[in-house]
Amino acid sequence: MATIGINIATGSLQQAEIIAGIDLGTTNSLVAVIHPDTREPVVLKEFDGSALVPSVIHFGAGDQISVGEQAREYLVKEPQQTIFSVKRLMGKSYQDVKDHASFFTYKVIDDNTDSLVKVQAGDKFYSPVELSSFILKELKTRAEHILKTPVNKAVITVPAYFNDAQRQATRDAGKLAGLDVLRIVNEPTAASLAYGLGMRKDEAKTVAVFDLGGGTFDISVLRIAGGIFEVLSTNGDTYLGGDDFDRAILRHWTGATDETAAERFSSKSELQDFRLKAEEAKKHLSFNDYFETEIGGKKFSLDKSTFESLAAPLVEKTVDCCKAALSDAGLGIDEIDEVIMVGGSTRIPLVKQTVGKFFNKKVNDTLNPDEVVALGAAVQADILAGNNKDFLLLDITPLSLGIETMGGLMDVLIPRNSKIPSGAGRQYTTQKDGQSSIRISVYQGERDLVRDNRKLAEFNLTGIPGMPAGFPKVEISFLVNADGILVVKAKELRSGVQQHIEVKPQYGLTDEQVEQMLFDSITHPKEDMAVRSITEARTEATIMLDTTERFITANAAYLEPAEIAETRSYMDKLVQLIQTGTKDEVQAGIEKLNEISKPYAERLMDQAIGKAMKGKRIE
Ligand code: AMP
């Protein structure tokens, strides 16, 4: 046991092992731990009392990266270099986010495919995983600075509706930041734990978690019984939050809407001044009845009842979502035992009253709504550390399970620490035209390259009818049953051809070996991610070249000779880059080829080839 210093209240404390509870938010992020003396969760604060780290990253001159409050100052000054709301991009493709493209003031790459989205800042390309890792690294550094001890383990929270890809992306971000992510926890589960719900085995409750933050709104209905948290339904609006209340005040004061703001204000900083004053007014009116200020020599004021009439339509929207969530869960209002308030915007009295009235219940609002998720993550971390023996911990998979994809990469289907029984499925496709079989290799471990993990099994799915590359849809599903046996199934969905095997994942691995494999994955995160990103970039480039080649061959008659020649010259450059370029150079080469071929590709896009550009491929 190491003695560590901690600058919260009581000074120097003892702690066996630090497992940080991290709320990685869209607008703000923060860390909490269990106080070793009081055994209560506490949020880590800097000397100035600040706990919230704005989830903003700024890329300055000469590779200088800043995160948090410092980065936030560049949102107006250097919007193209300042990345916010990364969480909205986690595990998403451009196709997924294109309807909201104007929301992002920085460049989100339009590659017109289903591959994971990338962001450009200067001449570098970043994945949301890398961007989130910068935030997590900052949180880790802050925590280490405050606690004066290394922090290598964490529990990270995600919205209940996050899918497998989004959860995996969050886990990868933690790994890249040098954290061993012991578990990904649902935010409403964490909020319930912070309020002490679900801490007793004999407890059975149905809970509604109402989470209204800066930019997003989530309502989740959970069933807690026997220490198990089951999400019955989720609803919400990913573009509704405190910012909308600020905008309503701005519009009230100036008549300016989002569309007319650019002409209404003389500069971006004038608009920003108004925004900040509007937010100040809103916060002030949560505890007072009247607000007055001066902006550019003019007086502006707002009273509470006017604010409430501006806010009412937005609050009504959240109630509609609550109704939908209840109906999806198949529950009546009187079946909800507790309502928990999460997110800074639930400080607005009208929100609390309206939600309380709707659920016909006094809401749980005694904890700081900005901190409640992180506090719950710390409680979960403590349970995982084995410090809360009364709590029922479900059986979990000790190491991740996945298959080998192109370039020898490990594609995790069931992450480590998933509860058992657990299942997951994903679609893959073929790489060559007419390919009639694919080899499926199953691995266990945490490293990004399968060669560093342990091979559990290998089998062939044969008899796939001849189809163009990228056309077959091979669904691979993993199921770890209650006995810890992994059943792998592969099915080609167009033809119905299928195959399945049973594997005993743990077989032959001692506890020490499992520990060593985990240790290796923590000590090599940077090189693993570097190899993974260059391999992924090369794979993407190879697919792009292959697709472009087939496209120009098939459509030669409809293309201008100059178009073909120009495309070929960029293809040659990309071939060169695959051999000698860095990840960013390969990415830039793909982007260039994409840009020049896009106009005529759009003109001629043949459906079958379009499909061939999608999906991951198995060798
Ligand atoms: P979160 O994303 O949970 O950090 O929520 C931040 C949002 O809460 C921002 O829109 C803030 O303006 C809002 N907020 C913080 N404090 C208050 C308050 N006292 N009254 C109303 N809204 C608040």
Side-chain angles (χ1 to χ4, degrees), residues 21-32 43-45 49-56 68-69 71-72 75 84-88 103 132 135 139 157-160 187-188 190-191 194 209-220 236-250 252 272-291 293 302-308 310-312 314-315 317-318 340-355 363-377:
I22 299 182
D23 172 2
L24 181 61
T26 311
T27 334
N28 292 308
S29 299
L30 66 163
V31 185
V43 156
L44 296 183
K45 292 188 176 158
S50 62
L52 302 183
V53 178
S55 307
V56 182
E69 209 57 64
R72 207 160 78 126
L75 278 173
F84 62 95
S85 274
V86 179
K87 193 170 173 180
R88 294 181 194 275
F103 172 86
S132 296
I135 301 172
L139 296 174
T157 59
V158 296
E187 287 160 9
V209 182
F210 183 99
D211 182 349
L212 188 61
T216 60
F217 167 60
D218 298 316
I219 171 80
S220 317
D237 186 335
T238 45
Y239 290 87
L240 171 66
D243 300 347
D244 295 282
F245 294 79
D246 305 346
R247 272 195 284 271
I249 297 173
L250 186 85
H252 171 72
Q272 185 67 357
D273 276 351
F274 267 98
R275 271 199 195 131
L276 292 175
K277 288 287 184 196
E279 186 183 10
E280 199 184 318
K282 172 187 73 176
K283 290 186 179 176
H284 185 79
L285 293 173
S286 288
F287 306 102
N288 302 278
D289 292 330
Y290 186 72
F291 177 83
T293 189
L302 191 64
D303 60 41
K304 193 169 172 182
S305 69
T306 311
F307 171 65
E308 293 194 340
L310 296 171
L314 299 168
V315 182
K317 274 197 198 174
T318 66
I340 293 176
M341 301 305 256
V342 181
S345 303
T346 60
R347 288 199 182 90
I348 299 173
L350 180 72
V351 172
K352 279 192 226 188
Q353 284 152 19
T354 313
V355 176
V363 298
N364 279 282
D365 63 352
T366 48
L367 293 175
N368 180 334
D370 287 321
E371 298 180 351
V372 55
V373 168
L375 293 173

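Throughout, numbering of the chain's residues begins at 1 and tracks the sequence. In what follows, every heavy atom counts, from backbone to side chain, and hydrogens, waters and symmetry copies are set aside. Whatever order the structure lists ligands and atoms in, that order sets their numbers, starting from 1. Nothing here was measured: the structure is a model prediction, and the numbers come from that model.
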Inset, instruction - Please name all residues satisfying side chain to side chain contact (heavy atoms under 4.5 Å, CB included) with Lys277, sequence neighbours left out, ordered by chain then number. - result: Trp253, Glu280, Thr293, Ile295
Inset, instruction - Check ligand 1 against Thr27 and write out every atom of the ligand that is under 4.0 Å from a heavy-atom position of the residue. - result: 2 (O)
Identify each donor-acceptor pair in which a side-chain atom of residues 24-32 lies under 3.5 Å from a protein atom, sequence neighbours left out, and give them as a table.
| residue | atom | partner | partner atom | Å |
| --- | --- | --- | --- | --- |
| Ser29 | OG | Gly25 | N | 3.2 |
| Ser29 | OG | Ser55 | OG | 2.9 |

Inset, instruction - Verify the neighbour count for atom CZ of Arg72: are there more than 12 heavy atoms of other residues, nucleotides or ligands below 6.0 Å? - result: no
Inset, instruction - Decide, yes or no, whether a salt bridge links Glu279 with Lys283 under the criterion of side-chain N to carboxylate O below 4.0 Å. - result: yes
Inset, instruction - Please work out which of Glu371, Glu279, Lys282 has its closest non-hydrogen atom nearest to atom 22 (N) of ligand 1. - result: Lys282
Inset, instruction - Pull out every atom of ligand 1 sitting under 4.0 Å from any heavy atom of Gly343, numbered as shown with elements. - result: 3 (O)
Inset, instruction - Nearest 0.5 Å please: distance from the CG atom of Leu314 over to the OG1 atom of Thr354. - result: 11.5 Å
Inset, instruction - Select the closest option to atom 15 (C) of ligand 1 among Glu280, His284, Arg347, judged by heavy-atom distance. - result: Arg347
Inset, instruction - If the plane angle is over 60° it's perpendicular, under 30° parallel, otherwise tilted; pick one for Phe307 and Phe245. - result: tilted
Legend entry - Phe287: numbered ligand 1 atoms lying under 4.0 Å from its heavy atoms: 19 (N)
Inset, instruction - Show which atoms of ligand 1 fall inside a sub-4.0 Å distance from at least one heavy-atom site of Asn28. - result: 4 (O)
Inset, instruction - Give the numbers and elements of all ligand 1 atoms closer than 4.0 Å to a heavy atom of Gly242. - result: 10 (O)
Legend entry - Gly214, Ala281, Pro54, Ala311: member with heavy atom nearest to atom 6 (C) of ligand 1: Gly214
Legend entry - For atom 14 (N) of ligand 1, the protein heavy atom that lies nearest, with its residue and separation: Gly344 O, 3.5 Å
Inset, instruction - Run the contact test for Phe245 against ligand 1 with a 4.0 Å cut-off on heavy atoms, strictly below, and give the result. - result: no
Inset, instruction - Using a 4.5 Å cut-off on heavy atoms from C-beta on, say whether the side chain of Arg347 contacts that of Leu212. - result: no
Legend entry - Heteroatom distance test (Gly213, ligand 1): nitrogen or oxygen, under 3.5 angstrom: no
Legend entry - Asn288 side-chain N/O to Leu285 backbone N/O, donor-acceptor pair under 3.5 Å: no
Inset, instruction - Mark the output for Gly25 as yes if a heavy-atom distance to ligand 1 is under 4.0 Å, and as no if none is. - result: no
Inset, instruction - Measure the shortest side-chain to side-chain distance between Asp365 and Thr346 over non-hydrogen atoms and say whether it is less than 4.5 angstrom. - result: no
Inset, instruction - Tell me which part of Ser286 gets within contact of ligand 1: side chain, backbone, both or neither, using heavy atoms under 4.0 Å. - result: side chain
